[in-house]
Amino acid sequence: MQYIKVTPDYAQHVALIELNRPKALNALNLELMGEVRDALKALDEEEAVRVIILTGNAKAFAAGADIKQMADKTPIDMLKIDQFSTWDQIKKTKKPLIAAVSGFALGGGCELAMTCDMIVASETAKFGQPEIKIGVMPGAGGTQRLTKAVGKAKAMEMVLTGSFISADEAKHYGLVNKVVPVEMFMHEALVLAKSIASMSPIAAQLAKEAVNRSFETHLEEGLFFERKNFYMAFASEDQKEGMHAFIEKRAPDYKGK
Ligand code: DAK
């Protein structure tokens, strides 16, 4: 891997993917995105990994897609490159995915963070969709996920003016889960990841699917989907373990079976 670092911690059932192109503020070139896609797919298949954290560095989560790589492309180039298949694959990650964001999360960087299931932000994080300033518009979910997260008025302002919001504003609007001092953001993301990793990974996957379904369908269909996944949880040994551990007043030992 040239542009990312992958560090699995099998004992804690957590894996870390760090975007590692600091000189370009982690601008998301095609190669980096391909590496993220491949790493997520591989970690999704590793039984000992239950939760994945995606992060950058203190200065930048990612300052967007690589403008230098994109600037002279034609629509046919874009069609042939088909970045959407990479983004779609990332979205298909079954395990809970936490973005740990510090510094810039702009354009595709903000979209990548929003593709994750939760965001832990440092106080220095800045979120924005500044594509309008370079003559385009968001292309990887910015107009949709941002609008669902922060509401129409704020999303419209951000998308049409390219203005950034601070971590505290992002928290106020419900875009991020937690805001912590910069030296704590990785620690806090790990605490959250370990807490989820201590649950049944089967229940976590079924629950993640059901929550995500609420964005894609109407209430009745979403409730129907939820019900199916609820029943499915009863097919797992983890369900028996979880409920019996409660009755026996002991900590559950989930095996992911
Ligand atoms: N692309 C390429 N290089 C970038 C970059 C980017 N997005 N952002 C920063 N860099 C590079 C700078 O060019 C500079 O490189 P050198 O000049 O040193 O070689 C280095 O990173 C440091 O940047 P600055 O010198 O500009 O640093 P400052 O602290 O002064 O400013 C900044 C930080 C984040 C405010 C500024 O760098 C900036 O405005 N960056 C661009 C932000 C932006 O416009 N982002 C949106 C890009 S468009 C798609 C999926 C996604 C997308 C499109 C399609 N499909 C699935 C089809 C997404 C599109 C975008 O994200």
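Along the sequence shown, the residues carry numbers beginning at 1. Both counts, for ligands and for their atoms, begin at 1 and track the order of listing.
- Contact detail for S200 and D238: the closest heavy-atom pair is OG-OD2, 2.8 Å.
- Between E209 and R213, none of the side-chain N atoms (NZ, or NE/NH1/NH2) sits under 4.0 Å from a carboxylate O, so this pair counts as no salt bridge.
- In this structure a side-chain-to-backbone donor-acceptor pair under 3.5 Å is present from E111 to G142.
- Within a 6.0 Å radius of CE in M1, other residues, nucleotides and ligands contribute more than 12 heavy atoms.
- If you check the side chains of S85 and D88, you find no donor sitting under 3.5 Å from an acceptor.
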Close N/O pairs between ligand 1 and protein, under 3.5 Å:
{"residue": "ligand 1", "atom": "1 (N)", "partner": "A65", "partner atom": "O", "Å": "3.4"}
{"residue": "ligand 1", "atom": "1 (N)", "partner": "I67", "partner atom": "N", "Å": "2.9"}
{"residue": "ligand 1", "atom": "7 (N)", "partner": "A63", "partner atom": "O", "Å": "3.1"}
{"residue": "ligand 1", "atom": "7 (N)", "partner": "A65", "partner atom": "O", "Å": "2.9"}
{"residue": "ligand 1", "atom": "13 (O)", "partner": "K68", "partner atom": "NZ", "Å": "2.9"}
{"residue": "ligand 1", "atom": "15 (O)", "partner": "K68", "partner atom": "NZ", "Å": "3.4"}
{"residue": "ligand 1", "atom": "19 (O)", "partner": "K68", "partner atom": "NZ", "Å": "3.4"}
{"residue": "ligand 1", "atom": "21 (O)", "partner": "K23", "partner atom": "O", "Å": "3.4"}
{"residue": "ligand 1", "atom": "45 (N)", "partner": "A63", "partner atom": "O", "Å": "2.9"}
{"residue": "ligand 1", "atom": "61 (O)", "partner": "A65", "partner atom": "N", "Å": "2.8"}
{"residue": "ligand 1", "atom": "61 (O)", "partner": "G108", "partner atom": "N", "Å": "2.7"}

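- Here the rule is side-chain hydrogen bond (donor to acceptor under 3.5 Å, both in side chains) with R21, and of N26, N57, D66 only D66 fits it.
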